[in-house]
There are 2 protein chains.
Amino acid sequence: MAQRDGQQCARPTLFDVAKCAGVSIATVSYALNGRPGVGEETRRRVLDLAKEMGFRPNRLARGLRLGRAHVLGLLIADIANPTYTEIAAAVVNEAAVAGYQVFLSHAGVHGELQRQQVETLLDQRCAGLIFTSVVEEDRALLEQIHAAGVPIVQVIRRICRIHADFVGTDEEAAGYAAATHLLELGHRCLAMAAGPRTSSASRLRAQGVRRALAGAGVEMPARWSVEGDLTVCAGYALARRVLARAPLPTAMICGNDVMALGAMDAMVDAGLRIPEDIAVVGYDDMAFASSRLIQLTTVHSPHAEMGKHAVRRLMERIEDPELPVQEILVKEHLAVRRTSGNALCGASISPYPAEPEEIRSR
Amino acid sequence: MAQRDGQQCARPTLFDVAKCAGVSIATVSYALNGRPGVGEETRRRVLDLAKEMGFRPNRLARGLRLGRAHVLGLLIADIANPTYTEIAAAVVNEAAVAGYQVFLSHAGVHGELQRQQVETLLDQRCAGLIFTSVVEEDRALLEQIHAAGVPIVQVIRRICRIHADFVGTDEEAAGYAAATHLLELGHRCLAMAAGPRTSSASRLRAQGVRRALAGAGVEMPARWSVEGDLTVCAGYALARRVLARAPLPTAMICGNDVMALGAMDAMVDAGLRIPEDIAVVGYDDMAFASSRLIQLTTVHSPHAEMGKHAVRRLMERIEDPELPVQEILVKEHLAVRRTSGNALCGASISPYPAEPEEIRSR
DNA sequence: GCGGCTTATTTAAACGTTTCAATTTCGAGG
DNA sequence: CCTCGAAATTGAAACGTTTAAATAAGCCGC
């Protein structure tokens, strides 16, 4: 039994509170959950007592009884990628607002490990799952999850014709904007180091680039259109390959900022100046992109907002599983910086606050 | 009842399997858990059937019964910081190996939000908690968790005299090594933009720097020793302050790489060349640090290894709560690059593989 | 004073495990 | 043939909730 006052007992249960309050367990449960049918005076007494005793509901028991835990699963392919961590942060925060905890899974893309993690997530009776980078091969898995009655939201990447909501940006438009920007600067020799074809986002972006080029009547030789993983190393290798022999392009669009970083390294190695000899555009606007030493022109997409939307949508669907599948697009924009010729002039585009923040000397 | 063969039923339980196998629930449980006292023939039959039916144990039920879930809580102050995400990745992976899932909490440092998240974590009956950035104010919270019988591992930062293991690096030695490196290069005018004093790691590092200086008989004017948050903005503001008036230091040690990035921006703004006019040393060796455009000299600490150790230690302690408190130090090392004068010569320190990886042209 | 109605409260059954204790089975030894 | 003991198996309680259904308690009008 819970000893009253002084030290609260280790972990009082409904039973303990009920005993102390001299009522039944059911009454305590009803009172704590704010359900009707409990006398005003009783309710107050129970609430006060529960607080005093430090009662906290056991979420396992609740989940077991309800057949569903107040828990979400977040699947991230690559946690080292800032894009995903920004989303993760937003997801965790927004979930907390709704009283949900988030299981983090870091299992790459479409493998045995991923399948295993998903199984475990289902074993935990997650109320919903958020996938940050599905590939076509995951279709069967997603369908199985849907069959199990667990709603899914896809973020950034997606597979089509599947019963799952999607939150992302208009990647095609982003690619179009990036290419158009370079075309307007007068570039006619564009290269593209795209992300993997398996990513719907990368595919669409490349598509947008091609549409812009076609519109301007500009051709991109096959040798300049390469694709690889979204890593520094891949960016380096791809750029090296493109720059291996003349003629050289005057601009390069990269699958993301990290690839751009690698590509720029290859350009430096090749003795090229950026942006005088070659312009570079990235994607994601990672933290380092706005650094003075880099100043990478890139497409900024609001990842935090995407994470937030993903959770909200999941909440809606958990509430009402019959909702029609929805596609939520958030607005992205091109951040023009030095690597496409926009030399930093003045503090107008400085990432730093005008007034220095608090500084403590010692 | 579970229909056999063909489509497995939604989610068979022990009961369903038992019914199909014609044995009791208890037998199935014993068989699946590999406990003794089950006939060999029965065991095989049950195992096969469970697999065929797609049985998966309900982790909520198990956790409820056991009074403890196979779940860890990971508290990260700032998920945007790559240091922490590297740790997170390792933690999630290593936990998976042990059959544990990881709850991710992103609740800053010592606030109402953090307390709330911890409470929820305890409500979920986490078997253990990993804290990545405790501050002294968290002491009461950690003690409360310990009192609740939930083991804790502190990573990177720590508070002393508390019943919790610690995994980190020898920060004092790292600070000493960084400063010694600069002293050996002939620098005598060193500045330091340290991380916040509330971080044990930052404190120790600063201490190591001072020890090195004292050993060399070098003085660091108070005006050159500043501290701030581990952000780009803080780095910029601090460096700006130090560089505001002559005399200027010839080298600056920063609290981490991100701060160094900001500080270098301030140096560029001040018309200084790196490393000719001023050398810079960071800490963490984040992804961008080795980029050709940056080549930041920095202290590389093996975060993944730390995450792994943290989980392993937690497992040991969950196994045997009576273990004496342990302090695990992993080795870090100084990566000397351009910003301290080590110009990149040849591919000897290139971060890229010699052979280009697979490239697909299209 | 008593059915009938509303409101407050309780009883008890789930949810799916694990595990102690009790029961059955079966072969060996007497 | 009977008994004993080990091994296999089962029954049932427990973990801490939620909730449908049953019960108790008021209260009104006739």
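Computed from a predicted model, the values in this text were never measured in an experiment. In the text below, chain A, chain B and the rest are named by the order of the sequence lines, each starting its count at 1. The figures that follow rest on heavy atoms only: side chains count, while hydrogens, waters and symmetry mates do not.
- Protein atom CZ of B/R45 is 12 Å distant from nucleotide atom C1' of D/dA8, rounded to whole Å.
- Take B/E137 and apply the side-chain hydrogen bond (donor to acceptor under 3.5 Å, both in side chains) test, not counting sequence neighbours, and it matches no residue.
- Residue B/T27 places at least one side-chain N or O under 4.0 Å from the OP1 or OP2 atom of D/dT10.
- The residue B/G67 sits apart from the nucleic acid: no heavy atom pair falls under 4.0 Å.
- For the helix from C/dG1-D/dC30 to C/dG30-D/dC1, the end axes, each set by the C1' atoms of five terminal pairs, are bent relative to each other by 70° (nearest 10°).
- Of the possible donor and acceptor atoms, one in the side chain of A/D138 sits under 3.5 Å from a partner among the backbone N and O of A/V135.
- A donor-acceptor pair is defined here as one N or O able to donate and one able to accept, closer than 3.5 Å; no such pair exists between the side chain of A/R11 and the backbone of B/A148.
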Between protein and nucleotides 16-28 of chain D, map the contacts as a letter string: B base, S sugar-phosphate only, - none, heavy atoms under 4.0 Å, written 5' to 3'. BBBBB--------
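- The nearest whole Å value for the distance from the CG atom in B/L32 to the C1' atom in C/dT19 is 15 Å.
- No side-chain N or O of B/S200 forms a donor-acceptor pair with one of B/R158 less than 3.5 Å apart.
- Between the NZ atom of B/K19 and the P atom of D/dG11 there is a distance of 13 Å, rounded to whole Å.
- The side-chain hydrogen bond (donor to acceptor under 3.5 Å, both in side chains) check on B/D165 picks up B/R313, B/R317, with sequence neighbours excluded.
- In terms of modelled atom types and a separation under 3.5 Å, the side chain of B/E52 and the main chain of B/D48 share no donor-acceptor contact.
- Listed by chain and residue number, A/N81, A/D284 satisfy the side-chain hydrogen bond (donor to acceptor under 3.5 Å, both in side chains) test with A/T83 (two or more places apart in sequence, or in another chain).
- With sequence neighbours left out, B/R312 forms a side-chain hydrogen bond (donor to acceptor under 3.5 Å, both in side chains) with B/E94.
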